[in-house]
Amino acid sequence: MKLKKEQWSSKFGFIMAAAGSAIGLGNLWKFPYVTGTSGGAVFLLVYVVFLLLLGIPILLSELSIGRFAGMNAIDSCRKINAKWGFAGSFGIVGAFGVMSSYCVVGGWVIRCIINAVTDTNMNAEFFGDFSSRTFEPILWTFVFIAITCIIVSGGVSKGIERVSSVLLPILFVFLISIMIYSLSLPNAIEGVKFFLVPDFSEINGFSDFMRIALNAMGQVFFSLSLGMGTLITYGSYLPKNSNLASSTVTIVVLDTLIALIAGFLILPAVFSFGLEPTGGSGLIFQTLPVVFSRMKGGSFVAAIFFTLVLFAALTSSISLLEVIVAWICDKTKLKRRSAAIIVSLLIFAVGCLASLSNGAVPELSFGGMSFFELLSFISDKIIMPLGGFFICILVGYIWGIPNAAKEISNDGKLKFGMKWLFSTAVRYIAPALIAIIFVTSVFSFGE
Ligand code: PFF
């Protein structure tokens, strides 16, 4: 197929690449544990509502800005209005923050693969012990960043598309198989109930509900890679005849499907083995090894599972590093490789602090949160929603719905039936929701 160099080679390839950025640790690691600590099914309900009211409109807005302008995040926003480059700049700061904690978790995943291959006697204690050590987690953090850096240094647009197109379908099949096993465990139904049947009596007042809402909003932004310029950049590689609205829906459906499968995989196993769903960020690393250790050929399955998690994480981390590197290459004379190495080293420095704050140096904590938790709080609950807020204002009021609709409908060639819904969400619902939740959370921070 002969196409211009800077475009995706097929619709399938673009969907896989964009879904590759979206699907990652956010779905497989974060979604199950945040669901566990945020009230199970109540969280799921709020999450789905936010997907519709925030996720779809903002994702569609970002893709249309990118395809319209055809440039990096900051310059694309600037093309719409010369004073609005800052709306894209959230991505640069946010990507740095997200990557600094993402690489620590990526390191844990690599350690789990090695553990599965070398240690047949997997147990739940291993992870707690490992993640609070001083040097070992830092070493694996470094390995994860180094792999990301090498791929980004070499240029990724073809690579991302090809790798994601093969790996995502494999990930899908594998996750479903392990999910079926997990659902067949004794007492698994308790996990299913926790995940699907809302128990509103568990919510202790308004501030507890706002905590759940903030977690759900943060998860929607994090999981769909919103407010970070990634989708503006990916949208800029789209051909003009692509269907933005249907691509948006497909990406959201795929991302949500993987998150749901991860929930159905982890939570039933947690209940079946009598573990706590509120265990926090170690959930996938503590629970799954126990599940695998009871399976026939469990080490083999564990090795494959964590390898797939690693690939899913890499397709996301590449997109994060790429946002920063592409911008630096545009603004300075630095070569792609040098930019990738410098940024990776800076991320590694912050990542080391994040890793140490998990136990080795407990003093690295602020307002009751470890530095690791603080990084993810700032990026997915402050920077990403703020980025999303400004994208809504830019599209809804500065660029204007008629112009956005013109781009989305390919100059009127495609039907854009949900225009009024898109308009209402982008102009009123999404900015208002983000503002309310944001302000409430900032005021309750540290309470
Ligand atoms: N969406 C990714 C995940 O769920 O793991 C994380 C991520 C990637 C967030 C890229 C933001 C981003 F720009």
Side-chain angles (χ1 to χ4, degrees), residues 16-35 47 51 54-55 58-59 62-63 66 72-74 87-109 144-145 148 151-152 156 160 164 167-168 171 175 215-236 251-252 254-263 281 284 308-327 343 347 375-388 391:
M16 288 297 115
S21 167
I23 296 168
L25 295 171
N27 309 60
L28 302 168
W29 160 71
K30 206 163 194 165
F31 181 79
Y33 94 71
V34 177
T35 306
Y47 180 77
L51 271 182
L54 303 171
I58 298 178
L59 210 164
E62 290 200 22
L63 285 183
N72 69 54
I74 296 184
S89 63
F90 282 87
I92 314 293
V93 184
F96 192 90
V98 173
M99 247 319 254
S100 306
S101 55
Y102 212 78
C103 59
V104 175
V105 186
W108 296 347
V109 176
F144 184 82
I145 297 186
T148 309
I151 303 174
V152 171
V156 279
I160 295 179
S164 305
L167 288 177
L168 276 190
L171 178 73
L175 285 179
N215 284 344
M217 180 173 80
Q219 182 62 21
V220 166
F221 276 93
F222 188 85
S223 192
L224 291 174
S225 312
L226 299 178
M228 301 276 295
T230 316
L231 290 154
I232 298 181
T233 315
Y234 277 22
S236 72
I251 294 165
V252 172
L254 284 177
D255 188 69
T256 309
L257 217 56
I258 297 275
L260 289 177
I261 293 173
S281 60
I284 168 179
L308 289 169
V309 175
L310 176 65
F311 284 126
L314 281 172
T315 50
S316 300
S317 65
I318 289 164
S319 74
L320 283 164
L321 187 57
E322 177 69 15
V323 173
I324 314 174
V325 168
W327 175 73
V343 178
I347 290 173
L375 266 182
S376 76
F377 180 85
I378 292 177
S379 40
D380 51 279
K381 293 188 186 123
I382 296 184
I383 296 177
M384 296 172 107
L386 269 186
I391 292 292

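Because the structure is predicted, anything quoted here is derived from the model rather than measured. In listed order, ligands and their atoms are each counted from 1. Side-chain atoms are counted along with the backbone in the values below, which use heavy atoms only and exclude waters and symmetry mates.
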Which segment of Lys30 sits under 4.0 Å of ligand 1 when only heavy atoms are counted
neither

Just let me know how Ser319 lines up against ligand 1, side chain, backbone, both or neither, with a heavy-atom cut-off below 4.0 Å.
side chain

Do you know the tightest heavy-atom contact between Pro32 and Ala262?
CG-CB, 4.0 Å

Among Thr233, Leu226, Thr230, find the residue that satisfies the side chain to side chain contact (heavy atoms under 4.5 Å, CB included) test when tested with Glu62.
Leu226

Is there side-chain contact between Phe311 and Leu168, with at least one heavy-atom pair below 4.5 Å?
no

Is there at least one pair of N or O atoms, one from Leu25 and one from ligand 1, spaced under 3.5 Å apart?
yes

Atom 5 (O) of ligand 1: closest protein heavy atom, distance to 0.1 Å, is Tyr102 OH, 2.5 Å

I'd like to check Ser225 versus Tyr234 (side-chain heavy atoms, cut-off strictly below 4.5 Å). Are they in contact?
no

Taking only heavy atoms of Ser223, which atoms of ligand 1 are found under 4.0 Å from at least one of them?
1 (N), 4 (O)

Pick, from Ser21, Gly26, Gly24, the option with the minimum heavy-atom distance to atom 2 (C) of ligand 1.
Ser21

With atoms numbered from 1 as shown, which atoms in ligand 1 lie under 4.0 angstrom from a non-hydrogen atom of Met384?
9 (C), 11 (C)

Option passing side chain to side chain contact (heavy atoms under 4.5 Å, CB included) with Phe221 (candidates Met228, Met384, Lys381):
Met384

So which protein heavy atom does atom 7 (C) of ligand 1 come closest to, and at what separation?
Ser225 OG, 3.6 Å

Residue pair Ile74 / Ile92, side-chain heavy-atom distance below 4.5 Å
yes

Considering only the protein, which heavy-atom contact is closest to atom 9 (C) of ligand 1, and what is its distance?
Phe222 O, 3.5 Å

With Leu224, the side chain to side chain contact (heavy atoms under 4.5 Å, CB included) member among Ile23, Ile58, Leu51
Leu51

So which heavy atom on Asn27 is nearest to which on Phe31, and how close?
O-CB, 3.4 Å

Below 4.0 Å from any atom of ligand 1, is there a heavy atom belonging to Phe221?
no

Does an N or O from Thr230, backbone or side chain, lie closer than 3.5 Å to an N or O of ligand 1?
no

For ligand 1, indicate whether the residue Ala313 contacts it via side chain, backbone, both or neither (heavy-atom separation under 4.0 Å).
neither

For ligand 1, which atoms have a heavy atom of Leu320 less than 4.0 angstrom away?
8 (C), 10 (C), 11 (C), 12 (C), 13 (F)

Less than 3.5 Å between some nitrogen or oxygen of Ala22 and one of ligand 1, yes or no?
yes

So do the side chains of Tyr102 and Leu25 get within less than 4.5 Å of each other, counting heavy atoms only?
yes

